[in-house]
Number of protein chains: 2
Amino acid sequence: MRRARKQINQMPTPTVENYLKHILVLSLESGSTEVSMGRVAKELLVTPGTATSMVKNLSQGGWLNYYPRKGVCLTRKGKKLAMNILRRHRLLETFLVETLGLDWSEIHAEAEELEHAISEKVLEKLDQFLGRPRQDPHGHPIPTKGGVINRPSSQALINCKAGMKVRIDSIVDQESNFLKFAREKRLLPGQEVRILQHEKEADAITLQVGKGSPFSMGSRSSEKILVRV
Amino acid sequence: MRRARKQINQMPTPTVENYLKHILVLSLESGSTEVSMGRVAKELLVTPGTATSMVKNLSQGGWLNYYPRKGVCLTRKGKKLAMNILRRHRLLETFLVETLGLDWSEIHAEAEELEHAISEKVLEKLDQFLGRPRQDPHGHPIPTKGGVINRPSSQALINCKAGMKVRIDSIVDQESNFLKFAREKRLLPGQEVRILQHEKEADAITLQVGKGSPFSMGSRSSEKILVRV
DNA sequence: GTATAAACTTTGACTAATCAAAGTCAAGTA
DNA sequence: TACTTGACTTTGATTAGTCAAAGTTTATAC
Ligand SMILES: [Mn+2]
Ligand SMILES: [Mn+2]
Ligand SMILES: [Mn+2]
Ligand SMILES: [Mn+2]
């Protein structure tokens with residue numbers, strides 16, 4: 001059913017869009033352009049065999065370069081499309097929270113579907129309507145129309161030393177329960193946080209959000225929160 | 001990729017949703033519950049063979065009853081889902097025009113994609129945000145959450161007699177150029193129209209919209225405009 | 001150096017959706 | 001009653017995307 005028309009100007013399928021977007025996010029998170037097949041398969045919740053076969057198609061289509069048993073690396077064309085999907089995803093998340101008032105713990109799944117259905121034209125109107133926001137409700141930067149992300153670098157909360165005073169940049173994890181916890185503790189983008197203690201061997205960090213009461217987090221949680229100094 | 005989960009609670013695919021919605025619209029337009037395979041195939045832009053095979057699956061799934069060489073007839077379950085898709089479609093169209101300011105001649109295609117990606121939760125918020133509208137920009141009634149359409153009956157403009165004063169109910173055709181023409185002539189839902197002449201054999205009707213200057217339309221066009229007295 | 005195991009690829013099978021083309025049916029015409 | 005024709009169905013093939021399970025490679029351990 002998906003708009004077929006002629007051989008000409010074949011739209012990428014939602015599956016293609018998802019693979020490219022997730023590969024982009026993985027490469028942004030790791031800081032390396034090359035992403036292993038194992039990570040691709042995990043991220044997309046498919047078996048390794050499926051990932052391999054799909055990645056071969058993507059390579060065929062010029063979306064990425066595939067280095068067998070090494071990994072994949074987006075081409076310029078692939079990165080451009082992936083950035084565009086990411087832009088759609090994050091603008092939609094912003095709309096769902098800002099305009100419709102949905103909870104930030106449930107918007108990710110919604111945007112995951114809508115990002116493949118929204119046209120360039122509607123996207124532009126939406127961007128305008130929202131006042132050209134620069135980040136989504138989780139604090140993630142929204143790529144520009146040109147497909148660029150630029151913003152101050154951030155570090156994981158777990159890497160902060162006692163005594164530091166930082167500001168929350170973004171929440172990496174999209175898992176619903178974690179997002180609910182984060183909101184409850186006021187761990188929201190923009191909030192100021194003071195690091196009270198950080199014992200490396202205890203694998204825990206104690207902090208104070210704004211003027212709230214102090215509490216502790218393990219590394220599992222606190223590596224999912226990015227901050228700036 | 002489309003959310004697969006377990007065998008449990010399998011979501012209908014966009015294709016299934018499209019078939020059911022179009023069959024519903026065809027049956028509403030014709031006033032008969034039974035719709036022929038030929039019309040189904042035409043409406044969905046697929047070959048007759050494709051329509052037959054798809055309709056068999058839908059029948060298998062309990063969405064409709066298939067009477068070979070006669071046609072199909074939605075079951076209660078099928079009608080309920082179809083009404084729900086129609087609701088999504090028309091609410092989305094309303095949103096695209098009212099909130100984002102898109103042109104009414106281009107929203108149909110957009111909504112055709114978005115209707116399959118929007119969740120029940122987002123739909124409810126959208127309905128609330130829009131102030132629970134009862135009709136879409138083309139004048140079509142928006143089914144209630146319960147899946148019901150009720151509204152005064154309407155007739156085609158072509159069937160009106162000279163001297164009648166009617167009000168435009170809705171525009172049946174979704175074709176972009178026709179919609180542009182309709183707007184140009186102020187043939188919009190709610191507008192008052194006076195029938196000046198109607199010569200059956202000339203296959204033309206002459207009318208005046210509001211206080212505008214009179215003009216004529218053939219039956220091809222004027223049967224696509226529904227009015228109330 | 002060989003053994004082991006994790007990571008990856010290949011193979012074979014399956015489902016949903018589609019088309020082209022061949023086949024069938026049923027109405028109306030002669 | 002037989003013929004013709006348009007509407008419909010069947011058949012066989014194709015594509016995208018997926019999994020299970022078998023096979024291969026490579027890094028590391030011993
Ligand atoms: Mn997605
Ligand atoms: Mn986000
Ligand atoms: Mn649709
Ligand atoms: Mn409409």
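The shown structure was predicted, so the numbers you read here are calculated from the model rather than taken from an experiment. Proteins get letters first, then strands, A, B, ... in listed order; numbering begins at 1 in each.
Applying the side-chain hydrogen bond (donor to acceptor under 3.5 Å, both in side chains) test between A/E115 and each of A/R90, A/R88, A/K21 identifies A/K21 as the sole match.
Residue A/T15 has no polar side-chain atom (N or O) positioned under 4.0 Å from OP1 or OP2 of D/dA16. Residue B/T50 places at least one side-chain N or O under 4.0 Å from the OP1 or OP2 atom of C/dC19. Residue A/Y67 places no side-chain N or O under 4.0 Å from the OP1 or OP2 atom of C/dT9. Checking the phosphate oxygens (OP1, OP2) of D/dC8, no side-chain nitrogen or oxygen of B/Y66 falls inside 4.0 Å. Contact between the side-chain N/O atoms of B/T52 and the OP1/OP2 oxygens of D/dT9 is found at a separation under 4.0 Å. In terms of phosphate contacts, A/S53 brings no side-chain nitrogen or oxygen within less than 4.0 Å of OP1 or OP2 of C/dT10.
Atom CE of A/M54 and atom C1' of C/dC8 are 18 Å apart (whole Å). If you measure from atom CE of A/M11 to atom P of D/dA16, you get 16 Å, rounded to the nearest angstrom. Distance CG (A/L44) to P (D/dG17): 12 Å, rounded to an integer number of Å. In this entry the distance linking CD of B/Q10 with P of C/dT15 reads 13 Å, nearest Å. Atom pair A/Q60:CD and D/dG17:P shows a separation of 14 Å (rounding to whole Å applied). In this structure, the NZ atom of B/K56 is 3 Å from the P atom of D/dT10, given to the nearest Å. We find that NZ of A/K70 is positioned 11 Å from P of C/dT9, with the value rounded to whole Å. Look at CG on B/L58: it is 10 Å from P on C/dT18, rounded to the nearest Å.
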Run the side chain to side chain contact (heavy atoms under 4.5 Å, CB included) check on B/I23 and B/W63 step by step: do they pass? CA-CA 11 Å; B/I23 289 167; B/W63 301 110; over 6 Å; no
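Summary of the strand contacts: A/G49 and A/V16 both lie near DNA chain D, and taking for each the nucleotide with the nearest heavy atom, the more 5' one is attributed to A/V16. For the pair B/P68 and A/T47, both in contact range of DNA chain D, the more 5′-proximal nearest nucleotide belongs to B/P68.
Between A/F95 and B/F95, a ring centre-to-centre spacing shorter than 6.0 Å is recorded.
Ring pair A/H138/A/W104 is parallel by interplanar angle, where below 30° counts as parallel and above 60° as perpendicular.
Annotation for B/F178 and B/S221: closest pair CZ-O, 3.7 Å, computed over non-hydrogen atoms.
Side chain A/R69 to base D/dT24: a donor-acceptor pair is found below 3.5 Å.
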